[in-house]
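In what follows, every chain begins at residue 1, and chains take the letters A, B, ... in the order their sequences are listed. These values consider heavy atoms only, across backbone and side chains, with no hydrogens, waters or symmetry-generated copies.
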Amino acid sequence: MAAVHITLPDNSVRTFDHEPTVLEVAKSIGPRLAKDTVGGLINDEKEVSDLRRILKDGTRLKIVTLAMPEALEVIRHSAAHVMAQAVQELWPDVKVTIGPVIENGFYYDFSSPRPFTPDDLLAIEKRMEQIIARDLEVVKEDWSQDQAIKTFDKMGENFKVEIIRDLGEKSVSVYKQGDWFDLCRGPHVQRLGVIKAVKVLSLAGAYWRGDEKNPQLQRVYATAFTDKKDLAEYLHNLEEAKKRDHRKIGKDLGLFYFHPLSPGGPFFAPKGALIYNQLQNFVREKYIQYGYKEVITPQIFDVDLFHRSGHYANYKENMYFTKVEERDFSLKPMNCPGHCLLYSTELRSYRDLPWRIADFGRLHRFERSGVMHGLTRVRTFCQDDAHIFCAMEDIQSEIRSFMVMLNDIYNSLGLTNYTIFLSTRPAQRMGSDAVWDRAENALADALKDLKLPYTVNAGDGAFYGPKLDIMFVDALKRPWQLGTLQVDFNLPEAFDLKFIGADNKDHRPVMLHRAILGSLERFIGVYLEHTAGHLPTWLTPTQVAILSVTDSQNDYCLELERKLKAEGVRVEFDQRSEKLGFKIREAQLQKIPYMLVIGDKEKAAGNVSVRLKSGATKYGLNFSDFVSKLKCEIQERSLHSPWTGEASAQDATVT
RNA sequence: GCCCAUGUGGCUCAGGGGUAGAGCACACCCUUGGUAAGGGUGAGGUCGUGAGUUCGAGUCUCACCAUGGGCUCCA
């Protein structure tokens, strides 16, 4: 056989007289490296390959060792096998299914005759640790499809048999550790002992292959690391995430509440409503700038409207219906059908287009009971919704303008990390394939034209058209869908919308559905988690707290309060006869950006001492200067304090 | 909707067959104290709802409602 050459990252070349495995290449370099090898990155692929993979001549190889971040993927893959082994050692009647690696760990889905309990999870973790302590060698074997099916069938592992059948490969790989084995394509570690830390995290129901018609399985979530310290840090971060939970922040800051008599219906308390309205006003200002006109349309419509729009046929599981005096009505789940009615109230000319109408209308969608979640998934909400009626040839420029507006708004809010997804036609849809082709191409072309990178989500579009979804990635690296833009050729057709063109003939407009914040409810939830409740000053319910040292400054404090209010600043004067430290603590917990600490010194000098929530303190400031700087910060919707430059919102630390 | 868990004063939680507890918050009083919790007193709960078991049920059983973690769906 001709010599086989393997190129390493430093461009050095190793030569073999046969096609070597990743591990063999590592051994040829050194025993220490070989011992630490957990896999290989081949030809710049993103996924780690198994260390037992045989390499062809000319392969470029980067050996993945325990010290590298990519090792986690391999460790977790093997840890999933350890979990499956642990479960089957504890309960031999439990059947295994699949156990993939996910973002921060892995899970394994089991088919168990009885549900697992929290105590079981502890038992699983303990048994996993015992198995790891055995430091078993992991051995890969290639079985014929026939042999694999026979073996797993005999064991009663019917899910595995189904997987092997569906794979339809002549041979499949099986990984053995001791006398336990599992069908798997890898990658896996050499010996289980390199898994230094495992933690079983939680339990959930899941359906076989994600289809609710299939049997329900028990999904056990867990994570694994190469180092106990990394696990400790991960668990710490989980705690941090809990502290930022918008439901907790909302309660702590008195922003919003829920009541069992309106599941999924948030109550915005005064402070929450203030944030809500500030955001709405912010978007309203942008509407003027970007050529939108705001409209107000009805809440409730005769069901005929939704028959016509297609919502009844495609969306009725999510709609609220009511019958009044023998007539069927529905609360609107979306604004678009109403906007079509509004469009058709007048004869439209091509000179009127693009007609951009915005609507903060309240929407109601009957979400299934298990899907509600704080503010991010509710049954009544309001979008920063707008529809653009335009001619076909305007689509691209409208999409561009939308992306510019979105970027403008996100930047103002400090949301700089987002990605774009293009969702294409779903199975349940209206309209012809030719129409869908046009719509999908229009979106793709506009993005290419703008040189914006995007990912295609095949089959994820709305029933009436393809869409762009803007996913914002928050401070804890979690993705959220906020903005969206949907191209719709179907509603204009359904409502027979027209405009008179320059040729004096009727033309069909295209309708674009778009939102930038998404829903105000969800946006507030996401933004609270992103900022850990440290909102920019313009958005924060109480901007200034006046804290008197003793009662004898009350008159001066009242005067300051009156002046601030006159300037439109949201101020609270804490008059209680509590000690200063106590008042500061409370203001701090309420995340109030500025505290005016007023004692005899300030009163005598007629100035103010300002404590920022970071703890930074400026003594003896001129009050008028303070007010004008503060007003400037608020009016500019700045994300930074003019006194310290510290960020008021972004990447705020949890306190 | 499905699986699992949870539901005790406004909030955070303890108590697990013999009739309700703590801390914080709240009210009143004392304290007037300079940068993250001063002290005292008091009020406040048909223990999610409804049935059942029992001499007796926050406590055990069942159903329902809500919430939480997921699945599925989605702004």
Q: Would you mind writing out the side-chain donor-acceptor pairs for residues 357-366 of chain A within the sub-3.5 Å range, not counting sequence neighbours?
A:
unit_1	atom_1	unit_2	atom_2	d
A/Asp359	OD1	A/Gly361	N	2.7
A/Asp359	OD2	A/Thr297	OG1	2.6
A/Asp359	OD2	A/His339	NE2	2.7
A/Arg362	NH1	A/Thr380	OG1	2.9
A/Arg362	NH2	A/Tyr276	OH	2.9
A/Arg362	NH2	A/Glu521	OE2	3.3
A/His364	NE2	A/Thr380	OG1	3.4
A/Arg365	NE	A/Pro333	O	2.8
A/Arg365	NH2	A/Pro333	O	3.2

Q: Is there a Watson-Crick or G-U wobble partner for B/U6 with both distances under 3.5 Å, and if so, which one is it?
A: B/A66
Q: Just label B/G21 as syn or anti from its O4'-C1'-N9-C4 or O4'-C1'-N1-C2 angle, using within 90° of 0 for syn.
A: anti
Q: On the nucleotide B/C11, are OP1 or OP2 found under 4.0 Å from the side-chain N or O atoms that A/Arg247 carries?
A: no
Q: With rounding to whole Å, what would you report as the distance between B/C11 and B/U46 at their P atoms?
A: 14 Å
Q: I want to confirm an ordering. Mapping A/Lys467 and A/Pro260 to their closest nucleotides on RNA chain B, which one lands closer to the 5' end?
A: A/Pro260
Q: Check every strand shown and say whether A/Arg611 touches a base, only sugar-phosphate, or nothing at a heavy-atom separation below 4.0 Å.
A: base
Q: For A/Phe421, give me all partners under ring pair (Phe, Tyr, Trp, His ring centres under 6.0 Å), at least two apart in sequence or on another chain.
A: none
Q: Expressed as a whole number of angstroms, how long is the span from A/Leu121:CG to B/G69:P?
A: 17 Å
Q: Could you tell me how far B/U59 sits from B/C73 if I compare only their C1' atoms? Round to whole Å.
A: 38 Å
Q: With P as the reference atom in both, quote the distance from B/U49 to B/A57 in angstrom, rounded to an integer.
A: 15 Å
Q: Does B/A14 have a Watson-Crick or wobble mate here (both distances under 3.5 Å), and if so which one?
A: none
Q: Please list, by residue number, the residues of residues 366-375 of chain A whose heavy atoms come closer than 4.0 Å to an atom of RNA chain B; answer none if no residue qualifies.
A: A/Glu367, A/Arg368, A/Ser369, A/Gly370, A/Val371, A/Met372, A/His373, A/Gly374
Q: Report yes if the side chains of A/Thr97 and A/Phe110 come closer than 4.5 Å at any heavy-atom pair, otherwise no.
A: no
Q: State, with a plain yes or no, whether a side-chain heavy atom of A/Gln280 is found less than 4.5 Å away from one of A/Cys382.
A: yes
Q: Taking atom P in both B/G58 and B/A75, compute the distance separating them and give it to the nearest angstrom.
A: 46 Å
Q: Counting side-chain heavy atoms from CB outward, which of B/A75, B/G70, B/C11 is closest to A/Lys251?
A: B/C11
Q: What pairs of nitrogen or oxygen atoms, one from the protein and one from nucleotides 43-49 of chain B, lie under 3.5 Å apart?
A:
none

Q: Taking only residues two or more places apart in sequence, or in another chain, which ones meet A/Tyr221 in a ring pair (Phe, Tyr, Trp, His ring centres under 6.0 Å)?
A: A/Tyr107
Q: Let me know the distance between OH of A/Tyr107 and C1' of B/G70, rounded to the nearest Å.
A: 11 Å
Q: Does a side-chain N-to-carboxylate-O contact under 4.0 Å join A/Lys591 and A/Asp252?
A: no
Q: Between B/A51 and B/A25, how far apart are the two P atoms, rounded to whole Å?
A: 39 Å
Q: Would you say the ring centroid of A/Tyr527 lies under 6.0 angstrom from that of A/Phe472?
A: no
Q: Quick one: look up who B/C28 pairs with, Watson-Crick or G-U, both distances under 3.5 Å, and put none if it's unpaired.
A: B/G40
Q: Categorize A/Phe582 for me: base, sugar-phosphate, or nothing, with a 4.0 angstrom heavy-atom threshold over every strand shown.
A: sugar-phosphate
Q: Under 3.5 Å, is there a donor-acceptor pair between the A/Tyr619 and A/Asn607 side chains?
A: no
Q: Counting only heavy atoms and a strict 4.0 angstrom limit, can you tell me which residues of residues 264-279 of chain A come near RNA chain B?
A: A/Gly264
Q: Write down the distance between CG (A/Leu517) and C1' (B/A75), rounded to a whole number of angstrom.
A: 11 Å
Q: Pick the C1' atom in B/G9 and in B/A27, then give their distance to the nearest Å.
A: 15 Å
Q: Name the pairing partner of B/A51, where a pair is Watson-Crick or G-U wobble with both distances under 3.5 Å, or state none.
A: B/U61
Q: Under the side chain to side chain donor-acceptor pair (under 3.5 Å) test, which residues partner A/Glu125, sequence neighbours left out?
A: none
Q: Tell me every residue that passes side chain to side chain donor-acceptor pair (under 3.5 Å) with A/Arg379, counting only those two or more places apart in sequence or in another chain.
A: none
Q: Pick the C1' atom in B/G44 and in B/G23, then give their distance to the nearest Å.
A: 15 Å
Q: May I ask you to check whether A/Tyr287 and A/Tyr292 place their ring centers less than 6.0 Å from one another?
A: yes
Q: Check nucleotides 32-34 of chain B against the protein and report each pair of N or O atoms closer than 3.5 Å, with its distance, or say if there are none.
A:
unit_1	atom_1	unit_2	atom_2	d
B/U32	O2	A/Asp551	N	2.9
B/U32	N3	A/Asp551	OD2	2.8
B/U32	O4	A/Asp551	OD2	2.6
B/G33	N7	A/Val549	O	2.5
B/G34	O6	A/Asp600	N	3.0
B/G34	O6	A/Lys601	N	2.9
B/G34	N1	A/Glu602	OE1	2.8
B/G34	N1	A/Glu602	OE2	3.4
B/G34	N2	A/Glu602	OE2	2.9

Q: Classify A/Lys618 by what it touches in the nucleic acid, base, sugar-phosphate, or nothing, heavy-atom distance under 4.0 Å.
A: nothing
Q: Can you tell me the pairing partner of B/G1 across any strand shown, Watson-Crick or G-U wobble, with both distances under 3.5 angstrom?
A: B/C71
Q: Between A/Tyr221 and B/G70, do the rings stack, that is, sit under 5.5 Å apart with planes less than 30° off each other?
A: no
Q: Choosing from B/A37, B/U12, B/U35, which nucleotide comes nearest the side chain of A/Ile584?
A: B/U35
Q: Taking salt bridge (Lys or Arg N to Asp or Glu O under 4.0 Å) as the cut-off, I'd like each qualifying pair that reaches into residues 268-283 of chain A, sequence neighbours left out, listed once.
A: A/Lys271-A/Glu572
Q: Taking the side chain as everything from C-beta on, heavy atoms only, tell me whether A/Thr484 gets closer than 4.5 Å to A/Asp469.
A: yes
Q: List the residues meeting side chain to side chain donor-acceptor pair (under 3.5 Å) with A/Glu398, not counting sequence neighbours, and say none if there are none.
A: A/Arg356
Q: Ignoring hydrogens and angles, answer whether the base of B/C74 and the side-chain atoms of A/Arg365 contain a donor-acceptor pair closer than 3.5 Å.
A: no
Q: Which base, if any, makes a Watson-Crick or G-U wobble pair with B/U46, both distances under 3.5 Å?
A: none
Q: Go through the structure and list residues passing ring pair (Phe, Tyr, Trp, His ring centres under 6.0 Å) with A/Phe258, not counting sequence neighbours.
A: none
Q: Is the shortest distance from a Lys or Arg side-chain nitrogen in A/Asp625 or A/Lys618 to a carboxylate oxygen in the other one below 4.0 Å?
A: no
Q: Rounded to the nearest Å, what distance is computed from the NZ atom of residue A/Lys591 to the P atom of nucleotide B/A36?
A: 16 Å
Q: Quick check: A/Phe626 with A/Trp643 (ring centres under 6.0 Å apart)?
A: yes
Q: Write down the distance separating the C1' atoms in B/A43 and B/U6, rounded off to the nearest Å.
A: 30 Å
Q: Does A/Ala204 or A/Thr380 map to a spot on RNA chain B nearer the 5' end, using the closest nucleotide for each?
A: A/Ala204
Q: Kindly indicate whether the side chain of A/Tyr207 and the base of B/C3 share any N or O donor-acceptor pair separated by less than 3.5 Å?
A: no
